[in-house]
There are 2 protein chains.
Amino acid sequence: MSNLCSDEGKILYQLNEIFKQISPKFEKCTGISQSRLDLLHKLFEVDETSQTELQKAVNIDSAAVTRHLKQLEGKGMVTRRKNPNDNRFTFVSLTDEGRERIVSFRKEKEQFITKVLRDFSEEEQTSLSNMLSRIQKNVKDIQY
Amino acid sequence: MSNLCSDEGKILYQLNEIFKQISPKFEKCTGISQSRLDLLHKLFEVDETSQTELQKAVNIDSAAVTRHLKQLEGKGMVTRRKNPNDNRFTFVSLTDEGRERIVSFRKEKEQFITKVLRDFSEEEQTSLSNMLSRIQKNVKDIQY
DNA sequence: CTTAATCAATTGACGGGTCAATAGTTGACT
DNA sequence: AGTCAACTATTGACCCGTCAATTGATTAAG
């Protein structure tokens, strides 16, 4: 009875730790934060899109999206303009420079990911991914 | 070639999403943030300890530890006093009230965890935990 | 036409984390 | 003794996320 939540709790603890350890290393390796890279990545695929679309794709608060994009704009990675047909929306797109730079970011990210999954076989990866999906579903189903 | 980092990248993405989804739900279900509960949990085990010990156990910055403990002290969950033999250290311990309340927190946490791991067999849990350990190790080995 | 509802984006206040600088204490060495 | 290095805790500045309130634009209804 010494450890009320040890065995099961360990997994929660591990998920936590992994996240805390991955985030800063990811940033140091790739030179950009995960959220920002996600934003750029999405822009890379779609050319031009609204901020709400981006927000849904990246799954962070729209306030955070606004702030990220403003900074990325300041760094010349991104341009923003109002939708002429509906001034509520702002369209966002990569600049040429941004489009160029994201290529190397993606490469860094790939390298990072292969390091994280070193020694994981194809089967293990799908097995892990499936378990994580199940956890995700369980979490979603939790009622307050 | 459409998705350069899809298959492997998915796992990183999932880990991220799970963390983002778990944190707020955990807090709503248990009534306390994970870090704070970790602090209290550690205190529950050891009676009285220094802040650096706590910091190591919980694995967050010492600045954050200080701020958490000050707030917990304000809420009467925790008491702090200087180590009489070495005034650099401050000893922290649960108050009676804190000790009492943490019991229910732990119960909430256990319930939360079982919900997160619903439908996971014993074997699956250990398998998952092992994989997470391997990932943790891989992350630790990453050089900048 | 004007009013109300809705929607996108922005802003401010806050929680929680990091790092870097500082204050205060201790211990060791000359 | 006195100085210097090491160590704990604290503080301030910053990043990143949330929520809630606000602004500006559009649309729907009377």
Side-chain angles (χ1 to χ4, degrees), chain A residues 15-28 30-40 48-75 78-93 144, chain B residues 15-28 30-40 48-75 78-93 144:
Chain A
L15 288 170
N16 228 301
E17 287 304 300
I18 287 175
F19 179 81
K20 286 198 292 189
Q21 288 160 15
I22 277 187
S23 294
K25 282 219 166 150
F26 181 91
E27 207 159 327
K28 279 176 188 158
T30 64
I32 194 171
S33 78
Q34 281 174 297
S35 294
R36 281 198 192 179
L37 187 49
D38 286 348
L39 285 170
L40 296 176
E48 191 168 45
T49 186
S50 74
Q51 291 192 189
T52 38
E53 284 307 309
L54 277 176
Q55 184 267 318
K56 284 174 201 156
V58 174
N59 223 27
I60 58 179
D61 192 272
S62 60
V65 172
T66 294
R67 285 163 187 140
H68 278 305
L69 290 176
K70 281 194 174 177
Q71 288 195 257
L72 289 170
E73 190 181 29
K75 290 181 182 172
V78 141
T79 55
R80 297 156 77 217
R81 67 183 182 98
K82 293 264 180 191
N83 177 350
N85 299 327
D86 187 339
N87 276 299
R88 287 173 300 181
F89 291 80
T90 68
F91 280 160
V92 190
S93 59
Y144 307 110
Chain B
L15 287 170
N16 229 299
E17 287 303 301
I18 287 175
F19 178 81
K20 285 198 292 188
Q21 287 160 17
I22 277 188
S23 294
K25 281 218 169 153
F26 181 90
E27 208 159 325
K28 278 175 191 161
T30 64
I32 195 170
S33 79
Q34 279 175 298
S35 295
R36 281 200 192 178
L37 187 50
D38 286 348
L39 286 171
L40 295 177
E48 190 167 45
T49 186
S50 74
Q51 291 193 188
T52 38
E53 285 306 309
L54 276 176
Q55 185 268 318
K56 283 174 202 156
V58 174
N59 224 27
I60 58 179
D61 193 272
S62 61
V65 172
T66 294
R67 286 165 185 138
H68 278 305
L69 290 176
K70 281 194 175 180
Q71 288 195 257
L72 289 171
E73 191 181 28
K75 290 182 184 174
V78 141
T79 56
R80 297 156 77 218
R81 66 185 183 99
K82 294 263 179 192
N83 176 351
N85 299 326
D86 187 340
N87 276 299
R88 287 172 301 182
F89 291 80
T90 68
F91 280 160
V92 190
S93 58
Y144 308 108

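Numbers restart at 1 for each chain; the letters A, B, ... are given by sequence-line order, proteins then strands.
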**Q.** B:Ile22 versus B:Gln34, closest heavy-atom pair with distance
**A.**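 For B:Ile22 and B:Gln34, the tightest heavy-atom pair comes out as CG2-NE2, 4.2 Å.
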Q: State, to 0.1 Å, how close B:Gln51 and B:Thr90 come at their nearest heavy-atom pair, and which atoms those are.
A: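 In terms of heavy atoms, the two residues are closest at OE1-OG1, 3.1 Å.
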Q. Strictly by modelled atom types, are A:Ser35 and A:Ser33 linked by a side-chain donor-acceptor pair under 3.5 Å?
A. no
Q.
Just by distance, no angles: are the side chains of B:Gln55 and B:Ser62 close enough, under 3.5 Å, to form a donor-acceptor pair?
A. no
Q | Identified side-chain contact (heavy atoms from CB on, under 4.5 Å) partner of B:Leu72 from the options B:Thr79, B:Leu40, B:Val92 | A |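 Of B:Thr79, B:Leu40, B:Val92, side-chain contact (heavy atoms from CB on, under 4.5 Å) with B:Leu72 is met by B:Leu40 alone.
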Q. Which two nucleotides bound the region of DNA chain C that has atoms under 4.0 Å from heavy atoms of chain B, read 5' to 3'?
A. C:dG16 to C:dT26
Q: Determine, for nucleotides 4-13 of chain D in 5'-to-3' order, which nucleotides have protein heavy atoms under 4.0 Å from the base (write B), from only the sugar-phosphate (write S), or from neither (write -).
A: ---BSSBBBB
Q) Sequence neighbours excluded, which residues qualify as ring pair (Phe, Tyr, Trp, His ring centres under 6.0 Å) partners of B:Phe91? A) none
Whole angstrom is fine here: how far is it from [atom1] in [X] over to [atom2] in [N]?
X: A:Leu72; N: D:dC15; atom1: CG; atom2: P; answer: 13 Å
X: A:Arg36; N: D:dC16; atom1: CZ; atom2: C1'; answer: 9 Å
X: A:Leu37; N: D:dC16; atom1: CG; atom2: C1'; answer: 16 Å
X: A:Ile32; N: D:dC15; atom1: CD1; atom2: P; answer: 15 Å

Q | Working for side chain to side chain contact (heavy atoms under 4.5 Å, CB included), residues A:Leu69 and A:Leu54 | A | CA-CA 10 Å; A:Leu69 290 176; A:Leu54 277 176; 3.9 Å; yes
Q.
The test is side chain to side chain contact (heavy atoms under 4.5 Å, CB included); show your working for B:Val58 and B:Val65 and say whether it passes.
A. CA-CA 9 Å; B:Val58 174; B:Val65 172; 5.7 Å; no
(Q) Under 4.0 Å from OP1 or OP2 of D:dC15: is there any side-chain N or O of A:His68 that close? (A) no
